[in-house]
Amino acid sequence: MDNQEQKHQRRPRYKGTHPKTFKEKYKELQPELYGDTIAKVIQKGSTPAGMHRSICVNEILEFLQITPGQIGMDATLGYGGHTLEMLKCLDSKGHLYATDEDPIELPRTKERLERLGYGPEILTIRNTNFSNIDQITSDSGPLNFVLADLGVSSMQIDNPDRGFSFKTEGPLDLRLNPSKGISAADRLKTISQDELQGMLLENADEPYSAEISRAIVFAIKKGKEIITTSQLQQIIQDALRFIPEKDKDLAIKKSCQRCFQALRIDVNKEYEVLYEFLEKLPSALAEGGRVAILTFHSGEDRLVKKSFQRFYREGLYKEIAPEPIRPSAAECSFNSRAKCAKLRWAIKA
């Protein structure tokens, strides 16, 4: 009968005792329904699939010294963890602006924060790159505080459909906004060996940049497809077969991580937009305004350090971090992705 209720179908059971693929981890992907599972995953020091654990939260809040009534900006909204803590500090007084280039994760984060009671009266979210900070301040006025967490969010890394990691099969994309620019796969199709070697060196300090770039360009010239994460991983692995057996596995893993990082930085023009953001920062801050920037690799940390030092010498910043702040040992033990983080800060003159 047409009106007969559809028979309930059980969710397909994953093989083995534990879920292995991203889609099988349905409990982790629904934290509002499976709180106990989420707690167990975090207790083990892992990040649940589809979630992101904010880094250096206490250190950031201690520096920013947010008070009710201030105007601030979270330049990299992501999962909204830092955003939520800053909103708590505002205590429903003042306003927080948040930006993110990712059109897939942004609406999900916006919905989560709205469910917690943070709507447009206290929080404005825009799907744009943080280099457009001047567009934000044209509406907000000078900012009392700014945070930029430059790390790729865990939910982006873990989702194989985004192509950010070689750990699972997926399209070799790596774009924060899949509707803009070209994918990493398309980037590789026309790149020269010299250009690729330079990219691997500049964006990731890859020690085997010559061997890897030679192997990738040779494979493409021979008509081999490199359109998935595993295809790129295999070429890197084959290019590094000469490494002594006792060191090979770890060395190949590290090189894969660096190569994917270098490609991600390139296709998203991360250095260019970071430089533009840093150039606009002093004009965006109010007198005494504070900015904290969390970096995750040497290239972006150098850019932040040099920018802060230059504007300090020019008198635009009255104080800058003498040394980067690192996550505590306790935080690193509970969140392995925190280990490479560095926090730098500056105060507007």
Side-chain angles (χ1 to χ4, degrees), residues 54-78 81-83 85-87 89-90 94-101 126 128-152 265 269-328 331 338 340-349:
S54 300
I55 295 169
C56 287
V57 174
N58 293 334
E59 293 86 347
I60 288 168
L61 294 180
E62 182 179 352
F63 166 70
L64 291 179
Q65 297 181 10
I66 300 169
T67 57
Q70 288 188 327
I71 307 296
M73 177 182 176
D74 186 341
T76 46
L77 174 65
H82 287 124
T83 313
E85 298 306 315
M86 291 189 286
L87 286 166
C89 293
L90 287 177
H95 204 85
L96 184 65
Y97 292 80
T99 60
D100 203 292
E101 194 171 13
R126 293 183 183 171
T128 188
N129 188 276
F130 64 4
S131 62
N132 296 319
I133 188 172
D134 53 330
Q135 296 177 16
I136 298 297
T137 54
S138 67
D139 293 334
S140 68
L143 300 165
N144 301 116
F145 62 91
V146 173
L147 169 66
D149 175 352
L150 303 183
V152 178
I265 290 170
K269 296 181 170 54
E270 291 182 25
Y271 286 162
E272 291 90 336
V273 297
L274 175 57
Y275 179 81
E276 187 176 349
F277 171 73
L278 291 168
E279 288 293 294
K280 294 176 179 178
L281 254 178
S283 299
L285 290 167
E287 183 179 344
R290 293 170 175 246
V291 55
I293 301 182
L294 200 57
T295 66
F296 290 83
H297 57 81
S298 58
E300 60 191 17
D301 181 61
R302 281 194 295 268
L303 276 175
V304 174
K305 178 182 177 181
K306 289 180 179 179
S307 174
F308 283 2
Q309 289 176 338
R310 175 165 66 87
F311 287 132
Y312 175 71
R313 290 193 300 269
E314 294 175 5
L316 293 176
Y317 292 137
K318 66 179 181 180
E319 193 175 350
I320 60 174
E323 296 292 337
I325 298 170
R326 305 300 295 265
S328 67
E331 178 170 11
C340 56
K342 292 181 179 180
L343 177 65
R344 293 187 184 273
W345 54 261
I347 303 175
K348 175 75 177 291

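Predicted model only: the values in this text are computed from it and were never measured.
- Side chain of Ser307 to backbone of Val304: no donor-acceptor contact under 3.5 angstrom is found.
- Counting heavy-atom neighbours within 6.0 Å of Glu314 CD, excluding the residue itself, gives a total above 12.
- The neighbour count for Lys269 NZ, taken as heavy atoms of other residues, nucleotides or ligands under 6.0 Å away, does not exceed 12.
- Atom CD1 of Ile265 and atom CD of Glu272 lie 10.0 Å apart (nearest 0.5 Å).
- Side-chain atoms of Thr76 come within 3.5 Å of backbone atoms of Asp149 as a donor-acceptor pair (strictly under, hydrogens ignored).
- For the pair Arg326/Lys342, a side-chain contact is recorded, criterion being any heavy-atom separation below 4.5 Å from C-beta on.
- Heavy-atom neighbours of Tyr271 OH from other residues, nucleotides or ligands within 6.0 Å: above the threshold of 12.
- Scanning all heavy atoms of the two residues, the minimum distance from Tyr312 to Tyr317 falls at CD1-O, 3.3 Å.
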> Given the rule in the side-chain contact (heavy atoms from CB on, under 4.5 Å) test, do Ile136 and Thr99 qualify, once you have shown the distances and angles that lead to the verdict?
Replying inline: CA-CA 9 Å; Ile136 298 297; Thr99 60; 3.8 Å; yes
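- The closest side-chain heavy-atom distance from Phe311 to Ile320 is not below 4.5 Å.
- Note that the CD atom of Glu276 and the CD1 atom of Ile133 stand 11.0 Å from one another [nearest 0.5 Å].
- Between the side chain of Lys348 and the main chain of Pro282, a donor-acceptor pair closer than 3.5 Å is present.
- Residues that satisfy the salt bridge (Lys or Arg N to Asp or Glu O under 4.0 Å) test with Glu85, not counting sequence neighbours, are Lys88.
- Expressed to the nearest 0.5 Å, how far CD1 of Ile325 lies from CG of Asn58 amounts to 11.5 Å.
- In this structure the side chain of Arg126 never reaches within 4.5 angstrom of the side chain of Asn132, judged on heavy atoms.
- Between Ala341 and Pro327 the shortest heavy-atom distance is O-CD, 3.3 Å.
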>> Between Ile293 and Leu278, is the side-chain contact (heavy atoms from CB on, under 4.5 Å) condition met? List the steps.
In response: CA-CA 10 Å; Ile293 301 182; Leu278 291 168; 3.6 Å; yes
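- Between the Asn144 side chain and the Gly72 main chain, no donor and acceptor come within less than 3.5 Å of each other.
- In terms of the ring-ring contact (aromatic ring centres under 6.0 Å, His included) criterion, residue partners of Phe63 (sequence neighbours excluded) are, by chain and number, Trp345.
- The line from CD of Glu59 to OG of Ser328 is 6.0 Å long, rounded to the nearest 0.5 Å.
- For the atom pair CE (Met73) and CG (Leu281), the distance works out to 8.5 Å, reported to the nearest 0.5 Å.
- Taking CG of Asp74 as the reference point, atom OG1 of Thr83 lies at 3.5 Å (rounded to 0.5 Å).
- In this structure, the side chain of His82 engages the main chain of Ile55 through a donor-acceptor pair within 3.5 Å.
- Side-chain contact between Ile60 and Phe145: absent, with no pair of heavy atoms (C-beta onward) separated by less than 4.5 Å.
- The shortest non-hydrogen separation linking Ala75 to Ala148 is CB-CB, 4.0 Å.
- Between the side chain of Lys318 and the backbone N or O of Gly288 there is no donor-acceptor pair closer than 3.5 Å.
- Note: Phe277 and Phe130 have parallel aromatic rings, judged against thresholds of 30 and 60 degrees for the angle between ring planes.
- At a threshold of 4.5 Å between non-hydrogen side-chain atoms, the residues Lys306 and Arg310 do not count as touching.
- A donor-acceptor pair is defined here as one N or O able to donate and one able to accept, closer than 3.5 Å; such a pair exists between the side chain of Asp100 and the backbone of Gly78.
- Residues Cys56 and Glu331 share a closest heavy-atom pair of N-OE2, 3.0 Å.
- Considering only residues two or more places apart in sequence or on other chains, Gln309 meets the side-chain hydrogen bond (donor to acceptor under 3.5 Å, both in side chains) condition with none of them.
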